[in-house]
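Have a look at the structure below before the remarks.
Model, not experiment: these values are computed from the prediction. Quick note: residue numbers are just sequence positions, from 1. Read the numbers this way: they start at 1 and go in the same order the structure lists the ligands and their atoms.
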Amino acid sequence: MDTVGTIAELDRRFGVPGVAKVVEGYGGLPKVRITSPQATAEMYLHGAHVTSWTPSGGEEVLFVSSRSHWEDGRAIRGGVPVCFPWFGDKADDPNAPAHGFARTKAWQLESIVQRGDAVTVSMVTESNESTKKWWPADFRLVHRVTFGSELSLELVLTNTGAAALRFEEALHAYHRVGHIEKARVRGLDGAYYLDKTDRNQKKRQQGEILIASETDRVYLDTQHAIELEDPMLRRRIRVAKENSLTTVVWNPWVRKARALSDLGDDEWKQMICIETSNVGDFAVDLAPGQQHTTKAIVSVAHL
Ligand code: TA6
């Protein structure tokens, strides 16, 4: 069955008339398009990747690059990439894809459920021969996203094998801002972080975060909600979380943005990544049969 047929079949099986439709997206990739009273949104089966969430009466909350790739084997630049089962470069294999394999492969659409004015989309990916080329574990990973007046993202991992596993994960969210130099990030005052722009030196955050140069930090042992204050778009984005002990904050600034072929040269001004994660020393161990759920809840208030 060709892509169009597959998309029509997926829509026939999972579509919710007037609320959720499976359609063809960029690069011919299938996506779920949500149009509910509370929000409009989009989620690609490629990487179970949320690329848009606009609460009704508000503006788009997520940033997606105009230069993003839209193809199997490549990551979408923007939205919410799912980094799994490792974060950044794979410690023991320099040839392995950065941020794992979950974001560059097609997931299965499991269900679309409407509850009131909110819509929950679940997508799943499981271990197979190609995942085992990189990572030996047996697993089942579900990305369950509820689109409503809030955006709730849950990563549910089950160890389906007979051996314990250890994994890293991140909901690598790209938030759209009016101008990065005007934005402020609160909620990490006093937290320690590893500065990836300075040889992973361990430092301590004092006060709010102002972005005035390339910023790439892993905040450690923090469960605090984050607030992104944006005077230009007159809004405050709040990211609360559960079962996540690290928060990554990233902006590539000028030079790094120019080095990224899938990011426009000036687009660094319109984005900041705030990543609900468990990485590094906070990687998660899971015994056979066990399940772990990490959750991020994004909400918007007008200033
Ligand atoms: O989350 C921050 C980070 O790990 C940065 O180091 C930067 O590389 C960014 O992710 C983007 O990674 P990508 O593989 O998507 O180019």
Side-chain angles (χ1 to χ4, degrees), residues 27 44 46-51 62-91 93-105 134-135 153 155 167-177 180 183 185 188 191 193-203 205 209 211 213-220 222 226 228 239 241 244-265 267-283 294 296 298:
Y44 279 74
H46 180 72
H49 202 127
V50 176
T51 53
L62 300 173
F63 162 87
V64 175
S65 170
S66 60
R67 306 258 297 267
S68 178
H69 301 292
W70 302 90
E71 59 189 86
D72 198 35
R74 308 292 295 268
I76 294 169
R77 176 68 68 193
V80 187
V82 173
C83 304
F84 172 89
W86 58 87
F87 184 79
D89 297 332
K90 191 166 186 284
D93 186 348
N95 300 318
H99 291 321
F101 47 67
R103 64 176 181 164
T104 56
K105 66 199 292 278
W134 301 112
W135 197 58
L153 309 114
L155 271 184
F167 70 100
E168 295 178 295
E169 59 182 352
L171 291 162
H172 193 305
Y174 289 70
H175 292 285
R176 202 166 72 83
V177 292
I180 190 64
V185 178
L188 292 164
Y193 64 92
L194 301 179
D195 186 345
K196 286 175 79 171
T197 68
D198 183 11
R199 295 161 292 121
N200 269 329
Q201 292 290 305
K202 191 171 183 178
K203 302 176 181 177
Q205 181 63 40
I209 304 170
I211 308 286
S213 61
E214 180 187 354
T215 301
D216 194 352
R217 302 173 181 178
V218 180
Y219 286 86
L220 308 169
T222 171
I226 304 293
L228 169 60
V239 184
K241 60 179 189 164
S244 154
L245 292 177
T246 56
T247 297
V248 179
V249 175
W250 179 58
N251 181 278
W253 210 249
V254 182
R255 209 171 39 78
K256 189 82 181 264
R258 291 229 164 97
L260 293 169
S261 63
D262 59 350
L263 185 67
D265 287 354
E267 288 185 326
W268 57 273
K269 299 172 184 169
Q270 267 74 53
M271 56 144 287
I272 183 170
C273 290
I274 295 175
E275 308 167 31
T276 298
S277 54
N278 286 301
V279 305
D281 292 347
F282 295 87
T294 294
V298 186

Review point. Can you tell me if Thr294 uses its side chain to pair, donor with acceptor, with the backbone of Ser244 under 3.5 Å?
Key: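 Not confirmed, Thr294 side chain does not pair with Ser244 backbone.
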
Check your understanding: Is there a donor-acceptor pair under 3.5 Å between the side chain of His69 and the backbone N or O of Gly27?
Key -> no

Check your understanding: Should the pair Trp268 and Trp253 be assigned to parallel (<30°), tilted (30 to 60°) or perpendicular (>60°) ring geometry?
Key -> tilted

Practice item. Report the relative orientation of the aromatic rings in Tyr193 and Tyr219; use parallel for angles under 30°, tilted for 30 to 60°, perpendicular for over 60°. Key: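 Ring orientation, 0 to 90° scale: tilted.
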
Per-atom contacts, ligand 1 versus [X] - under 4.0 Å to a heavy atom:
| X | value |
| --- | --- |
| Arg103 | 13 (P), 14 (O), 15 (O) |
| Lys196 | 4 (O), 6 (O) |
| Phe87 | 1 (O), 4 (O) |
| Asp216 | 2 (C), 5 (C), 6 (O) |
| Arg77 | 11 (C), 13 (P), 15 (O), 16 (O) |
| Glu275 | 1 (O), 2 (C) |

Point to revise | Side-chain heavy-atom pair Lys202, Leu220 within 4.5 angstrom cut-off | key: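 Lys202 vs Leu220: side chains touch.
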
Practice item. Identify the protein heavy atom lying closest to atom 8 (O) of ligand 1, giving its residue, its atom name and the separation to 0.1 Å. Key: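 Sorting protein heavy atoms by distance from atom 8 (O) of ligand 1 puts Lys256 NZ, 4.0 Å first.
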
Point to revise | Polar contact flag for His99 and ligand 1 (N/O pairs, less than 3.5 Å) | key: yes

Point to revise | salt bridge (charged side-chain N to carboxylate O under 4.0 Å, His left out) against Arg176, all qualifying residues, sequence neighbours excluded | key: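 Residues passing salt bridge (charged side-chain N to carboxylate O under 4.0 Å, His left out) with Arg176: Glu59.
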
